Protein chains: 2
Amino acid sequence: MGDRTDWSAMRDRRMAESGAAEAYDAARLAFELGRAVRELRERRGWSQSQLAQASGMTQSAVARFEAGGTVPTLPVLERLAAALDVSLNVSFKPRDAAA
Amino acid sequence: MGDRTDWSAMRDRRMAESGAAEAYDAARLAFELGRAVRELRERRGWSQSQLAQASGMTQSAVARFEAGGTVPTLPVLERLAAALDVSLNVSFKPRDAAA
DNA sequence: CAGTGGTATAGCATTGTTGCTATGCCCTGG
DNA sequence: CCAGGGCATAGCAACAATGCTATACCACTG
């Protein structure tokens, strides 16, 4: 994967400023959520523009999100989930037990 | 529930401006996450100040979060989860199937 | 080769969350 | 009665995500 963008630098800066681990996890979570949305979108055969319209965003915002360019906010995740007809799950899980 | 705060008005404004449903869901999610954190914190017998220190926040930020005063960001949720020794789970779930 | 659709980036204004400090209320213990 | 701990709010500065417009690149097609 080439470093065609400037975002990696932005993330690195964030990591250096705070405690690294937490910011790093957030960036990784952003990346994985982006990939998940991209998969769901492509599975439906939608273009970024279509998803954007369905979720009240613009194509550029969708592209930025799918690339993991920023850590998404919960309102945005909810709108994407609604548009893709899936449910968003945000919860805390004990580390030592299931569920 | 008493309306001792000003936050309900803020949420109402957000709901009125956008599409209502999405913003409403985000506010409810914020509220439930706040309650979850409060439970985990009290279960550990921690004060807001202790949790704040453990998660790199201030007591006021913890109070605001537990009250559902703002929709938390993922970095904050990660830090709280780490401090409370639980794992944060953010994912999309199909509406028609399990897992 | 021009035209079109899909995607990636850039730049900027707006908006909202967080960080921080200070303060007020309630309750309990001395 | 007064002091202190715990929690709720306020106000403001700083920062980061979103909204939006415009543009560039690529693949495909007429």
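The shown structure was predicted, so the numbers you read here are calculated from the model rather than taken from an experiment. Convention: sequence-line order gives letters A, B, ...; per-chain numbering from 1.
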* Min side-chain heavy-atom separation A/D25-A/R28 under 4.5 Å ->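 Answer yes - side chains close enough.
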* To do: With the side chain counted from C-beta on, respond yes when A/V37 and A/L51 share a heavy-atom pair under 4.5 Å apart, and no when they do not.
  => yes
Does [N] have OP1 or OP2 sitting under 4.0 Å from an N or O in the side chain of [X]?
{"X": "A/T73", "N": "D/dA16", "result": "no"}
{"X": "A/R64", "N": "D/dC20", "result": "no"}
{"X": "A/S60", "N": "D/dG19", "result": "no"}

Spacing of [X] atom [atom1] and [Y] atom [atom2] [to the nearest 0.5 Å]:
{"X": "B/N89", "Y": "B/L77", "atom1": "CG", "atom2": "CG", "answer": "11.5 Å"}
{"X": "B/E66", "Y": "B/Q48", "atom1": "CD", "atom2": "CD", "answer": "4.5 Å"}
{"X": "B/Q50", "Y": "B/S55", "atom1": "CD", "atom2": "OG", "answer": "11.5 Å"}

In whole angstroms, how far is the [atom2] atom of [N] from the [atom1] atom of [X]?
{"X": "B/Q59", "N": "C/dC25", "atom1": "CD", "atom2": "C1'", "answer": "13 Å"}
{"X": "B/L74", "N": "D/dC15", "atom1": "CG", "atom2": "P", "answer": "21 Å"}
{"X": "B/F65", "N": "D/dC7", "atom1": "CZ", "atom2": "C1'", "answer": "16 Å"}
{"X": "A/E78", "N": "D/dT18", "atom1": "CD", "atom2": "C1'", "answer": "16 Å"}
{"X": "B/L51", "N": "D/dG6", "atom1": "CG", "atom2": "P", "answer": "13 Å"}
{"X": "A/M57", "N": "C/dT7", "atom1": "CE", "atom2": "P", "answer": "14 Å"}
{"X": "A/R79", "N": "D/dA17", "atom1": "CZ", "atom2": "P", "answer": "15 Å"}

* Does atom CD of B/Q59 have more than 12 heavy-atom neighbours from other groups under 6.0 Å away? -> yes
* Asked: Would you find more than 12 non-hydrogen atoms of other residues, nucleotides or ligands less than 6.0 Å from A/R35 atom CZ?
  -> no
* To do: May I ask you to say what A/E66 touches in the nucleic acid, namely base, sugar-phosphate or nothing, with a heavy-atom cut-off under 4.0 Å?
  =>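 Nothing, no heavy atom under 4.0 Å.
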* Asked: B/V62 near the nucleic acid: base, sugar-phosphate alone, or nothing, with a heavy-atom cut-off under 4.0 Å?
  ->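 Counting heavy atoms under 4.0 Å across all strands, no contact is made by B/V62.
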* Structure fact -> Within residues 32-49 of chain B, those residues having any heavy atom closer than 4.0 Å to DNA chain C are none
